[in-house]
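Contents: one structure, followed by commentary.
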Amino acid sequence: MVLVLALGDLHIPHRAADLPPKFKSMLVPGKIQHIICTGNLCIKEVQEYLKTLCPDLHITRGEYDDETRYPETKTLTIGQFKLGLCHGHQVIPWGDLDSLAMLQRQLDVDILVTGHTHQFTAYKHEGGVVINPGSATGAFSSITYDVNPSFVLMDIDGLRVVVYVYELIDGEVKVDKIDFKKTAASTHSAH
Amino acid sequence: MIADGVEDEEKWLAAGIAGLQQNAFYMHRALDSNNLRDALKYSAQMLSELRTSRLSPHKYYELYMRAFDELRKLEVFFKEETRRGCSIVDLYELVQHAGNILPRLYLLCTVGSVYIKSKEAPAKDVLKDLVEMCRGIQHPVRGLFLRSYLAQVSRDKLPDIGSEYEGDADTVVDAVEFVLQNFTEMNKLWVRMQHQGAAREKEKREKERSELRDLVGKNLHVLSQIEGIDLDMYKDTVLPRVLEQVVNCKDEIAQYYLMDCIIQVFPDEYHLQTLDVLLGAFPQLQPTVDIKTVLSRLMERLSNYAASSADVLPEFLQVEAFAKLNNAIGKVIEAQPDMPILGVIILYSSLLTFTLHVHPDRLDYADQVLGACVKKLSGKGKLEGNKTTKQIVALLSAPLDKYDIVTALKLSNYPRVLEYLDTETNKVMATVIIQSIMKNKTRISTADRVEALFELIKGLIKDLDGAVLDEVDEDDFKEEQNSVARLIQLLHNDDPEEMFKIICTVRKHILGGGPKRLPFTVPSLVFSSLKLVRQLQGQEENPFGEEESTTPKKIFQLLNQTVETLSNIPAPELALQLYLQCAEAANDCDLEPVAYEFFTQAYILYEEEISDSRAQVTAIHLIIGTLQRMHVFGVENRDTLTHKATGYSAKLLKKPDQCRAVYACSHLFWVDDQDNVKDGERVLLCLKRALRIANAAQQTSNAARGNTGSVTLFVEILNKYLYFFEKGNPHINVAAIQSLVELVTTEMHSETSALDPAANAFFASTLRYIEFQKQKGGAVGEKYEPIKA
């Protein structure tokens, strides 16, 4: 059981002062093995905070991030899964699943995690899964109205990943989960 | 010289100990053979060592302790003697035959102890006799230790309530009388030390006095533990007598120590009930006594007492503690016009803490204290000095711990105190205030309060007089400004009119911040404003509404002017991003000219200010992405903006970037939810243009013989063909797709591209996708069927 926290679009300090206290009390150091962050933190303090939760931290660049050296995309392998990470403002039309699927094919990953729309989505297609963890602070978005704070926790176990989404709705944390299984060796590398 | 003195002292102490031990040895022998006469003889000789004047208190103490231990054994012997038939009265008389007075008195006290225990005479009589006899020793050090011995042996024999020594003739009154007398005499001896010896040895003497002070203070401890002393006796007898001695001795060291002792040793409720008397003593003390420290400690104790339980609070009100303390402090400050400002602040800090604990609902009291501070500070200019500024920060932080900022803002004198802080300390306080707000999640919801708040934290908002911005550490500066940005998120009111006022107030303040601060604070304000726009969007525009009411248009006007300030800094990328955000918001409000204006501004910035190639790529993505979502533009405007965007895309520095931006532009001509934006031909033109660029890129890199990476571009374009093919773009047919597939396949087999596994994998997954679509069957499957991989 490998726990991967996926979150992003916090937009601290421009659109939000801090993570919701109910989220903060849930995110405890030492319980999570990896953190993948879609970007738009935006300041160093947020990166340092995330680092205290888990030292294996991966971040891609959002357009408002202070740190200009985060990469545009990132891929990593966790267990049997290849994950891809990208903020998503580079994929036009924004939030369009077919265009995101193209990025997924390009990065050759089972799970693609992107942000930018501040709207949680989890979409399965023949090539794999596209996940958007939404905005962890519920930050204002020109694309999505009424953003609820949300983040995603993935439990990777062998060929199966359970995606838990945590959403703060009217002051209460609601959890939902989605199961994905991959068939063995469904991604091929060319010879 | 001093070294010699110490060495000599060591020698004398050693000699004293030797003498003591030798006589003790013989005394023990006498005790073992029940030889009273000899026991008395040798014990007297042993005690003679204590007659020395050569030892400092510290060393004398060592000698004394050994004598003390030996006297305990002697006391046991005396007790046994009386059991063996010796009369205690006779013994009491016998020991007075000792040659020298000091040994005589030690022996007398020792016998006295047994005498009291025997109950043959009332305790009070023996005690009275002893305490008066000890007057025979007027040498300070010797006298203090002797009386200390008396105090020690009498400790458990005082006729306290419930003690076995209480009787008709013996009461707690007598116990108190005894202790008070011993205390008084000890203090006199202690004070006398100050005036002995040469003036140049004053420092040494004061140090020695300090070593002895606990001997004197112990008496007060004893008093505090006498059970029979109730509040009335304390008020009527104990306190007045002690204070009388404290005041009359006119000694700075004794007064400071003893006042503090009284405060620490006796219960807080007693202090409350005798506050008048206690405070009344202060002005009578020597002017050099550090009254402010003692007063502060008193207030601290009372504050803690108040905090310990709500039940005690009424008592405070009943004795009017606040008024009395306030007055006392005022008097002290008046009496000492030269008191350094640090002292004044310490006093008022303690009083403020006291007030916050005891009268949390009386903001006027707290304000009064701050007001008194301001009065004292006026005319002194800015405060300096590490300790002083630390103390002021403590003073100003206290109300924030107790109240939220909204309540604290009601203290009219609070900002006035801040006026006296230097720039650095102002910033420190501002940070403390912001942290308090964030910790308590205080909502600041009116423009007036925001105004007051920003006045308080102006140290962070702009350069105050005399500030030198260059000296600030960059990381610290960033942190400060980011905390201001976060603060702005907490300023909110659901009522749009009030919220707009808040936004205007914040804007007014942050625009004075200068070019270094704006990039941090402006974005926060912009998003706050956009949130308000969205809120107003939901409401119908009221045609009968007032002229002055807030509308999205008004807010956009403000936004335009606000973002403009960024372009001059320069912070063009940020300004561009914010313009596009505003454009999207205007789009949602159906305000075409406003949205167009924002786009124009963004484009100007792109053309004139953004030259870094990476920044250009990001800017282009944002422009295309935003424009793609615009539905408010008429054909003409849309065409103009699209045409320019495509132009920019084709002129990016690197060919791969150009290619990608151009095919991204294809989406500008085809928007799913807008039926009038489905221009299949222009889509195809874009894709073909992208293809040409990819080709050109291919050739350049072939010539350079490096890794291409541009095969990927072909695969990307292929994917875009598939995208629009699926959407039903009539201009994209199977043939076009097929030829692309073949083009890529050829490239894959050429030498150079064998080195690009990523491109291969991408192509492979694309082909898999085509297969998958075929297998879907139905309309989609039919569409894809003709494509051969």
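Numbered from 1 within each chain, the chains take letters A, B, ... in sequence-line order. If you're wondering where the values come from, they're calculated on a predicted model, not measured in any experiment.
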Where A:I92 and B:Q628 come nearest, the two heavy atoms and their spacing:
CG2-CG, 4.5 Å

Strictly distance-based, threshold 3.5 Å: is any side-chain N or O of B:S765 a donor or acceptor partner for the main-chain N or O of A:Q106?
no

Before you tell me yes or no, could you show the steps for A:V91 and B:H621 under side-chain contact (heavy atoms from CB on, under 4.5 Å), namely the whole-Å CA-CA distance, both residues' side-chain angles and the distance that decides it to 0.1 Å?
CA-CA 8 Å; A:V91 181; B:H621 279 136; over 6 Å; no

Can you tell me how far CD1 of B:I620 sits from CD of A:Q90, rounded to the nearest 0.5 angstrom?
14.0 Å

Under 4.5 Å to a heavy atom of chain A? For B:Q577 that would be both

Contact between A:D18 and B:Q489 at the side-chain level, heavy atoms closer than 4.5 Å - yes or no?
no

Closest non-hydrogen contact found for B:D588 with A:S142 is OD2-O, 4.1 Å

Which heavy atom in A:Y70 sits nearest to a heavy atom in B:R614, and how many Å separate them?
O-NH2, 4.0 Å

If I compare all heavy atoms of B:S524 with all of A:P13, which pair ends up nearest, and what's the gap?
OG-O, 3.2 Å

List the atom of B:R486, the atom of A:A17, and the distance in Å for their closest heavy-atom pair.
NE-O, 2.7 Å

Give the C-alpha distance, both sets of side-chain angles, the deciding distance and a yes or no for side-chain contact (heavy atoms from CB on, under 4.5 Å) between A:S99 and B:H667.
CA-CA 11 Å; A:S99 302; B:H667 290 281; 4.1 Å; yes

Measuring from B:Y769:OH to A:H125:NE2, what's the distance to the nearest 0.5 Å?
9.0 Å

Residues 62-69 of chain A vs chain B, non-hydrogen distance cutoff under 4.5 Å, contacting residues -> A:E63, A:Y64, A:T68

Quick check: closest heavy atoms across A:T144 and B:R534, and the distance to 0.1 Å?
O-NH1, 3.2 Å

When you look at B:L530 and A:F140, which way does the side-chain contact (heavy atoms from CB on, under 4.5 Å) test go after all the steps?
CA-CA 8 Å; B:L530 289 176; A:F140 173 88; 3.7 Å; yes

How long is the straight-line distance from CG of B:D672 back to CG of A:D96, given to the nearest 0.5 Å?
7.0 Å

Given heavy-atom pairs under 4.5 angstrom as the criterion, report whether the side chain, backbone, both or neither of B:K727 touches chain A.
side chain

Gap separating the NE2 atom of A:H87 from the OG1 atom of B:T618, nearest 0.5 angstrom
11.0 Å

Can you tell me how far OH of B:Y723 sits from CE of A:M102, rounded to the nearest 0.5 angstrom?
11.0 Å

Structural part of B:L578 lying under 4.5 Å from a heavy atom of chain A
both

B:Y663, part contacting chain A, at a heavy-atom distance under 4.5 Å
side chain

Value for CD (A:E126) from CD (B:E771), rounded to nearest 0.5 Å, stands at 11.0 Å

According to the interplanar angle, ranging from 0 to 90°, do the rings of B:F527 and A:H11 count as parallel (below 30°), tilted (30 to 60°) or perpendicular (above 60°)?
tilted

Steps toward side-chain contact (heavy atoms from CB on, under 4.5 Å) verdict (A:R105, B:V715):
CA-CA 10 Å; A:R105 292 194 281 275; B:V715 185; over 6 Å; no

Which answer fits B:T626, side chain, backbone, both or neither, if we ask what part of it has an atom under 4.5 Å from a heavy atom of chain A?
both

Using heavy-atom distances under 4.5 Å, tell me whether A:Q104 contacts chain B through its side chain, its backbone, both, or neither.
neither

Within the 4.5 Å heavy-atom criterion, are B:R629 and A:I143 side-chain neighbours or not?
yes

Quick one, B:I624 and A:W94 - any side-chain contact, counting heavy atoms below 4.5 Å?
no

Could you name the residues of residues 28-57 of chain A that have a heavy atom within less than 4.5 Å of a heavy atom in chain B?
A:I43, A:K44, A:E45

Under 4.5 Å from any heavy atom of chain A, what part of B:L574 do you find: side chain, backbone, both or neither?
side chain

Can you check whether A:P21 reaches B:K441 side chain to side chain, under 4.5 Å on heavy atoms?
yes

Check each atom of A:S141 against the heavy atoms of chain B and say whether the ones under 4.5 Å are side chain, backbone, both or neither.
backbone

